Amino acid sequence: QVQLVESGGGLAQAGDSLRLSCVVFGGTSHINSMAWFRQAPGKEREFVASIHSTGQTTLYADSVKGRFVISRDIAKKTAYLQMNSLKQEDTALYYCARGRGPSITQAAAYYDYWGQGTQVTVSS
């Protein structure tokens, strides 16, 4: 049984920083990529960032490039999303997901396990 648990969301002001964490319980994670997606009210779920199983390559959505940083601690089975220079449009429910394999991709179908999400709300 694989379970992903996110934490670190909350209320922030525009320009602030937040760091999200995602712990993987059960199963493997060191041979799997990890990713963050988000879904704002009334919008489709969208890709945010992904990190290779080795932690050596990353992929970002254009909307967060230069502001967000994805990382992972393989020993702790944890992925992180450091979010800097937050904007109101970053307000969403943020989900982490585990890849079926090591690769990084924006395709949601590649990820087989998902967390329940952590809410991030950014005010002006």
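Fair warning: this is a prediction, and the values are worked out from it, not measured in the lab.
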Side-chain heavy-atom pair Thr57, Leu59 within 4.5 angstrom cut-off: no
Begin from the C-alpha positions of Val120 and Leu11 and carry the test side-chain contact (heavy atoms from CB on, under 4.5 Å) through to its verdict. CA-CA 6 Å; Val120 172; Leu11 182 62; over 6 Å; no
Quick test of your reading: applying salt bridge (Lys or Arg N to Asp or Glu O under 4.0 Å), list the pairs with at least one residue in residues 29-42, sequence neighbours left out, ordered by first then second residue. Arg38-Glu46, Arg38-Asp90
Would you please test Ser17 and Asn84 for side chain to side chain donor-acceptor pair (under 3.5 Å) and show each step? CA-CA 4 Å; Ser17 297; Asn84 302 318; 3.0 Å; yes
side-chain contact (heavy atoms from CB on, under 4.5 Å) for Ser7 and Ser21? Distances and angles first, verdict last. CA-CA 5 Å; Ser7 62; Ser21 299; 3.8 Å; yes
Hey, what else clusters with Tyr80 if you join Ile, Leu, Val, Met, Phe, Trp, Tyr whenever side-chain heavy atoms sit under 4.5 Å? none
Pairs in or reaching into residues 40-75: which pass ring-ring contact (aromatic ring centres under 6.0 Å, His included), with residues at least two apart or in two chains? Phe37-Phe47
Among residues two or more places apart or on two chains, list those pairs meeting salt bridge (Lys or Arg N to Asp or Glu O under 4.0 Å) that have a residue in residues 78-88. none
Is Arg67 reaching over with its side chain to a backbone N or O of Ser85, donor-acceptor style, under 3.5 angstrom? yes
Distance, nearest 0.5 Å, that separates OG1 of Thr54 from CD1 of Ile31: 13.0 Å
The side chain to side chain contact (heavy atoms under 4.5 Å, CB included) partner of Met83 among Val69, Val48, Leu18 is Leu18
Using modelled atom types only, decide if a donor and an acceptor are shared between the side chain of Thr118 and the backbone of Gly9 within a distance under 3.5 Å. yes
With Val2 via side-chain contact (heavy atoms from CB on, under 4.5 Å) - residues at least two apart: Leu4, Val24, Arg98, Tyr113
When you compare the side chains of Ser53 and Asn32, does any donor N or O come within less than 3.5 Å of an acceptor on the partner? no
On a heavy-atom basis, which atom in Ala92 and which in Ala40 lie closest, and how many Å separate them? CB-N, 3.8 Å
Residues, nucleotides or ligands: over 12 heavy atoms within 6.0 Å of Glu44 CD: no
Checking Leu93 now: which residues fulfil side-chain contact (heavy atoms from CB on, under 4.5 Å) with it, not counting sequence neighbours? Tyr95, Gln119
Do you know which two heavy atoms are closest between Glu6 and Tyr94, and how far apart they sit? OE2-O, 3.9 Å
Side-chain cluster (under 4.5 Å, hydrophobic types only) that Val5 belongs to, other residues: Val23, Phe25
Partner residues of Thr105 under the side-chain contact (heavy atoms from CB on, under 4.5 Å) criterion, sequence neighbours left out: Ala107, Tyr110, Tyr111
Correct closest heavy-atom pair for Thr91 and Val122 would be OG1-N, 2.8 Å
Please name all residues satisfying side-chain contact (heavy atoms from CB on, under 4.5 Å) with Ser123, sequence neighbours left out, ordered by chain then number. Gln13
Do you know which two heavy atoms are closest between Ser33 and Pro102, and how far apart they sit? CB-O, 3.4 Å
Please list all pairs meeting disulfide bond (SG atoms under 2.5 Å apart) that have one or both residues in residues 18-106, counting only residues at least two apart or in different chains. Cys22-Cys96
Mind checking salt bridge (charged side-chain N to carboxylate O under 4.0 Å, His left out) for Lys43 and listing every partner two or more places apart, or none if nothing turns up? none
Distance (rounded to the nearest 0.5 Å) between Arg100 CZ and Asp112 CG: 5.0 Å
Atom CZ in Arg72, atom CD1 in Ile70: separation rounded to 0.5 Å? 8.5 Å
Which residue pairs pass the salt bridge (Lys or Arg N to Asp or Glu O under 4.0 Å) test with at least one member in residues 10-20, sequence neighbours excluded? none
Mind listing the closest non-hydrogen atom pair of Arg45 and Ala108 along with its distance? NH2-CB, 3.6 Å
